[in-house]
Amino acid sequence: MSTDKKIYQPNPTFAKDAVIPSMDDYWKLQNRAIEDYEGFWQAFADEKIDWLSAYNKVLDESEAPFYKWFTEGRLNVSNQCIDRHLADKAHKTAILFEGDRGEVEYISYAQLSLHVNKMANLLRHEFNVTKGDRVVLYMPMIPEAAYAMLACARIGAIHSIVFGGFSAEALKDRIEDAEAKIVITADGAYRKGKPYMLKQVVDDALDQGGDSIEAVLVVKRNNEPTKWVEGRDHNYNELIVSQHAECPFEAMESEDPLFLLYTSGSTGKPKGVQHSTAGYILWAQMTMEWVFDVRDDDIFWCTADIGWITGHTYIIYGPLAAGTTTVMFEGVPTYPDAGRAWKMVQDHKITQFYTAPTAIRVLHKMGEHEPKKYDLSSLKVLGTVGEPIDPPAWEWYYETVGNSHCAIVDTWWQTETGGHMISPLPGATPIKPACATFALPGIIAEIIDPDGTPKEVGETGLLCITKPWPAMIRNIWGDPERYVKAYFGDAVKDGKPVYFSGDGAVLDEDGYITITGRVDDVINVSGHRMGTAEIEAAVKRDDTVAEVAVVGRPHDIKGESIFIYIVLKEGHINLDIKNHINELLATEIGNIAKADHIIEVPGLPKTRSGKIMRRILRSVAKHEEITQDISTLEDPSIVEQIITKAREA
Ligand code: PRX
């Protein structure tokens with residue numbers, strides 16, 4: 001395993017001043033965690049968090065796997081991200097916003113404080129939003145999205161951000177599951193030089209349901225005309241003006257939920273991943289400092305959308321808790337041309353750049369030599385997240401973007417983990433390309449069999465986190481049984497259920513961890529996580545569909561693409577099945593769920609007991625030779641027919 005990979009040593013000039021400057025220092029920290037787990041976390045919690053009142057226990061395992069951290073401590077995340085910085089960073093830029101059309105806004109910590117206080121007052125006094133209420137955000141990438149998140153944190157409301165690419169139906173489902181009180185949205189925003197609309201998706205969602213919603217707060221961004229429901233819809237820009245500039249923050253308990261974020265699993269509908277207050281913000285800040293090694297005058301840019309966990313932790317909470325300048329970008333990195341991202345790095349002297357492998361592959365393909373046209377010498381650390389990165393993309397990123405002197409941190413983590421889990425440290429870890437390397441200090445990651453037996457070097461096993469950690473998921477909103485089953489139902493260690501990530505991984509002889517990808521029925525399209533069961537359920541809503549099976553197929557740019565097999569009910573023909581089903585998917589889930597391949601087949605390969613043989617379907621989609629034994633299938637001849645259909649697709 002990966003022994004033939006070239007090793008890239010940390011840049012010595014950078015390492016000299018790094019927070020964790022060597023592998024010795026890494027091991028010192030990790031061994032401290034192994035020897036005294038609670039003591040390790042206690043020390044960081046005391047150092048990093050501005051406690052309003054002290055906690056009484058570091059880790060409470062009495063109701064495992066419902067772990068509790070820093071019990072009965074009190075804090076407030078908007079204090080942690082804003083107020084406590086005002087003494088020495090009031091005039092430092094907190095958010096550097098660049099609009100799609102190129103306009104730049106510098107929002108200092110003092111200004112951020114004002115906006116957040118006002119918005120918190122607006123929510124509290126005009127809409128009676130109180131501690132524990134759920135607030136759905138359906139927002140573009142504009143500063144008001146950050147104000148809304150932090151305003152919720154300030155008054156103790158639980159935000160649930162729904163990515164702007166999700167459909168009205170998907171938005172309605174998430175509103176209903178969380179029984180949200182209010183939706184904050186914008187009329188729309190700008191993308192690729194043109195206005196696009198969001199508010200009308202909210203209108204459609206609320207036409208279909210979402211009865212718990214009492215008000216819709218609309219930020220005017222592009223001023224395009226929108227429908228206006230009197231009594232329900234409210235204009236943020238008008239209402240905010242008269243709000244009081246100070247809003248005292250709630251003293252939240254460590255375990256109070258900070259936010260929900262819906263994500264896909266291998267079964268059923270999306271799960272509302274529930275995160276905590278203290279554990280989450282502690283780890284967001286610590287990983288910012290360790291993995292990105294942010295210094296006082298750094299300018300940090302994470303290109304994610306706030307609708308995903310990466311946007312939560314590394315555009316908003318991590319950077320602001322660490323007192324960093326975080327870049328928020330409304331547009332896309334390839335507009336007006338493939339040099340946009342690099343021009344932004346040059347213009348703003350960005351020091352850390354964090355993006356997804358899909359974006360790296362697109363930027364590489366569209367403008368291989370483009371980075372050379374710009375001065376990228378400010379860059380120190382480059383990051384990737386969300387999906388496995390392939391070595392050619394890694395090398396281009398390292399050599400052409402990083403000019404062979406920046407560390408690449410290939411960060412493995414998940415919506416459920418809250419922050420980075422396995423990643424190189426830029427000043428310490430000798431890096432092997434496309435390898436997540438080592439678990440961060442405090443994180444105990446093991447590659448095991450379901451019974452807890454460790455895998456040998458070179459053998460793929462289940463990637464499990466065998467000790468609870470502060471930023472971990474606390475629950476699935478409203479469904480504790482599913483939480484236990486989904487995360488603690490697949491592997492045990494020393495007789496105790498442990499957190500299974502859904503990913504496979506493998507160790508090499510140097511102890512490096514390489515992620516091999518999902519081992520469950522979850523596919524990863526352009527870093528967007530989707531459950532095949534969720535896509536199948538959407539397709540089945542079509543009356544003519546008898547059976548459906550969804551698999552992932554490797555894709556050069558997107559990592560994976562969606563491949564759908566459909567069996568129509570008898571007597572039905574559909575000459576335009578691809579467009580028809582893709583329209584349905586766009587309506588039910590959103591454009592991100594559209595499939596590259598949809599083929600109609602006479603039947604699905606099934607065992608005699610009726611189980612669909614997905615492995616065969618995956619092999620057929622990849623045009624791989626079928627090596628599985630098909631003689632035990634109910635109808636072996638079906639495989640040949642499917643192969644012929646797939647070749648034509
Ligand atoms: O399969 C892993 C993949 O993304 C999944 C988590 O998706 P999500 O919850 O949407 O969060 C994405 C951003 C944190 C994981 O189960 N994944 C994430 N990072 C990596 C990765 N796969 C390989 N390498 C990574 N660095």
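We count ligands from 1, going down the list as the structure has it; atoms in each ligand are counted the same way.
Every residue two or more places apart in sequence or in another chain that forms a ring pair (Phe, Tyr, Trp, His ring centres under 6.0 Å) with Tyr483 is listed here: Phe66, Phe488.
Ring centroid separation for the pair Tyr565 and His597 does not come in under the 6.0 Å cut-off. For Trp301 and Tyr354, the ring centers sit 6.0 Å or farther from each other.
Sparse packing is recorded around CD of Glu456, with 12 or fewer heavy atoms of other residues, nucleotides or ligands lying under 6.0 Å away.
For the residue pair Ser423 and Thr411, no side-chain donor N or O sits within less than 3.5 Å of a side-chain acceptor on the partner.
The residues Arg618 and Glu560 are annotated as not salt-bridged, no charged nitrogen and carboxylate oxygen being separated by less than 4.0 angstrom.
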Pairwise, report which nitrogen or oxygen atoms of ligand 1 are under 3.5 angstrom from protein nitrogen or oxygen atoms, and how far apart they are.
{"unit_1": "ligand 1", "atom_1": "1 (O)", "unit_2": "Asp503", "atom_2": "OD1", "d": "2.7"}
{"unit_1": "ligand 1", "atom_1": "1 (O)", "unit_2": "Asp503", "atom_2": "OD2", "d": "3.2"}
{"unit_1": "ligand 1", "atom_1": "4 (O)", "unit_2": "Gly386", "atom_2": "O", "d": "3.1"}
{"unit_1": "ligand 1", "atom_1": "9 (O)", "unit_2": "Thr415", "atom_2": "N", "d": "2.8"}
{"unit_1": "ligand 1", "atom_1": "9 (O)", "unit_2": "Thr415", "atom_2": "OG1", "d": "2.6"}
{"unit_1": "ligand 1", "atom_1": "9 (O)", "unit_2": "Arg529", "atom_2": "NH1", "d": "2.6"}
{"unit_1": "ligand 1", "atom_1": "16 (O)", "unit_2": "Gln414", "atom_2": "NE2", "d": "2.9"}
{"unit_1": "ligand 1", "atom_1": "16 (O)", "unit_2": "Asp503", "atom_2": "OD2", "d": "2.5"}
{"unit_1": "ligand 1", "atom_1": "16 (O)", "unit_2": "Arg518", "atom_2": "NH1", "d": "2.8"}
{"unit_1": "ligand 1", "atom_1": "17 (N)", "unit_2": "Gly386", "atom_2": "O", "d": "3.4"}
{"unit_1": "ligand 1", "atom_1": "19 (N)", "unit_2": "Gly386", "atom_2": "N", "d": "3.1"}
{"unit_1": "ligand 1", "atom_1": "19 (N)", "unit_2": "Thr411", "atom_2": "O", "d": "3.4"}
{"unit_1": "ligand 1", "atom_1": "24 (N)", "unit_2": "Glu387", "atom_2": "O", "d": "3.4"}
{"unit_1": "ligand 1", "atom_1": "26 (N)", "unit_2": "Asp410", "atom_2": "OD1", "d": "2.7"}
{"unit_1": "ligand 1", "atom_1": "26 (N)", "unit_2": "Thr411", "atom_2": "O", "d": "2.8"}

